[in-house]
There are 2 protein chains.
Amino acid sequence: MVTDRLPHTLRSDALDNRERILDAARALFSTDGLDVPMREVARRAGVGPATLYRHFPTKQMLIAEAFADQLHACRAIVDEGCADPDPWRGLCLVIERICELHARDRGFTEAFLSTYPEVKDVAAGREYTVKAVAELAQRAKEAGHLRSDFVLDDLILILMANKGIHATSTASQVKASRRFAGLAIQAFEACPQHAPLPPAARLASAAPDST
Amino acid sequence: MVTDRLPHTLRSDALDNRERILDAARALFSTDGLDVPMREVARRAGVGPATLYRHFPTKQMLIAEAFADQLHACRAIVDEGCADPDPWRGLCLVIERICELHARDRGFTEAFLSTYPEVKDVAAGREYTVKAVAELAQRAKEAGHLRSDFVLDDLILILMANKGIHATSTASQVKASRRFAGLAIQAFEACPQHAPLPPAARLASAAPDST
DNA sequence: ACCTAAACGGACGGAGGCGTCCGTTATCGT
DNA sequence: ACGATAACGGACGCCTCCGTCCGTTTAGGT
């Protein structure tokens, strides 16, 4: 057998490049979405294509690494919402903050809703988030603030819908998203005058792979 | 000067091909969006690329022609809504029907919201629609059914948001869209318990070109 | 039946994205 | 200071899409 000599410590320049690549990826993904060419990321990072591919053999890996902190932010938001003694207020907070997060980062939205072919890490993070929010929603419903015919897919619906909103600048994007979140929350709020909703559709929220 | 001999009557095979191309374009655009290659349209229509380009020199022209009837449908919906003696019911109908229309036809959504570089005819149709709906909304507001802080951009917001909703099949797409429209309507409905909304953002709804 | 020109579509050259190879450069242990 | 080697990036070949040219086919008037 071969005594594998994997140097688990990167050379300083390599580490440096790796960081620059991630920065470039984050910047481009957040403004232009995930469809930016790998070349473009490399160019922006000031490295050759080969270097980019050496660090991140597939686009998925790059995406997963680039959005690691966004995912943490997402998780933090959800945790914060769940910790709120008032579940309805917690849920509202989650909706508002997550919408804003997505408004600020187009790429993250795409990754999170996996428009893109299964980014594993992101998918895992999403699953956790979804589960936690489900409990929060249940509590809010029991408290009588969330309408009883709310289903979790409605939240996915809102997130997808939020993705559809595009504006020229990040500022107006966030503004629009905020208003949208406001509308969504009021649509979700229990209210006697509300007529029953059309039935919810099953959305591809967490389709488990055969893996 | 030249006595121009433009034959305003197409040869039968040409006319036939033209129809087949439009059918193919409609089918592909509606399921796959506007990004389908021109080649693909030609292939599906059973004609060569050159023939496609001869009939529709630019993609915009093809799009405009392909969505002519959708645009009429859109207009008809708005007219119907405006004709309703109850402006709120009329507005609801418009929202529901337009959302459904967009849900059934992905390409039309993109064209209508001109994700695509200015499709002139579509833009014109949109402008008419927007104006008519604005009046309808005003009446609904005066009747006290539509919340007073509603602005027209909210409707654009909903349309954009509706665009963001994607499902695996047209059926679930429509279903999801219906539920979304239902939520939107309830968010728009005047209701004493509703808190004020965040300020509306100016969306690029009808940016007039310098032309 | 025939002839003209309208209409067709295969084939071409160009642009841009992709992932990889390999000669060169720079790091780091001695 | 220097050599082994990790890391770099320019350049390559492949692919898909684009829009156009031009030799061939076919409609339709006489």
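Predicted model, so just to flag it, every value in this text is computed and none were measured.
A salt bridge is absent between B/K131 and B/E135: the closest approach of a Lys/Arg side-chain nitrogen to an acidic carboxylate oxygen does not fall below 4.0 angstrom. A salt bridge is defined here as a Lys NZ or Arg NE, NH1 or NH2 lying under 4.0 Å from an Asp or Glu carboxylate O, and A/R26 with A/D69 meets this definition. Contact check on A/D153 versus A/R202 returns a salt bridge, with a Lys/Arg side-chain nitrogen under 4.0 Å from an Asp/Glu carboxylate oxygen.
Contact annotation: B/T51 side-chain N/O to C/dA7 OP1/OP2 distance is not under 4.0 Å. Phosphate contact (OP1/OP2 of D/dA7, side-chain N/O of A/H55, threshold under 4.0 Å): absent.
Shown here are the ring-ring contact (aromatic ring centres under 6.0 Å, His included) partners of B/F29, two or more places apart in sequence or in another chain: B/F67. Residues passing the salt bridge (Lys or Arg N to Asp or Glu O under 4.0 Å) test with A/E100 are A/R104, A/R178, sequence neighbours excluded. Remark: B/R139 pairs with no residue by the salt bridge (Lys or Arg N to Asp or Glu O under 4.0 Å) rule, at least two apart or across chains.
For A/L34 and C/dC18, the CG to P distance is 13 Å, given to the nearest whole Å.
For residues 37-45 of chain A, proximity to DNA chain C is found at A/P37, A/M38, A/R39, defined as any non-hydrogen atom under 4.0 angstrom from a strand atom.
No donor-acceptor contact under 3.5 angstrom links the side chains of A/N17 and A/T51, judged on distance only.
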Quick one: which protein N/O atoms are closer than 3.5 Å to N/O atoms of nucleotides 21-23 of chain D? Pair and distance per line, please.
none

Between protein and nucleic acid, restricted to nucleotides 28-30 of chain D and to nitrogen or oxygen atoms under 3.5 Å apart, what atom pairs and distances do you find?
| unit_1 | atom_1 | unit_2 | atom_2 | d |
| --- | --- | --- | --- | --- |
| D/dG28 | OP1 | B/S12 | N | 2.9 |
| D/dG28 | OP1 | B/S12 | OG | 3.3 |
| D/dG28 | OP2 | B/S12 | OG | 3.3 |

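Minimum atom distance to the side chain of A/Y53 is reached by C/dG19, of the listed C/dC8, C/dG19, D/dG9.
Judged purely by atom type and a 3.5 angstrom limit, A/Q186 has no side-chain atom pairing as donor or acceptor with the backbone of B/H194.
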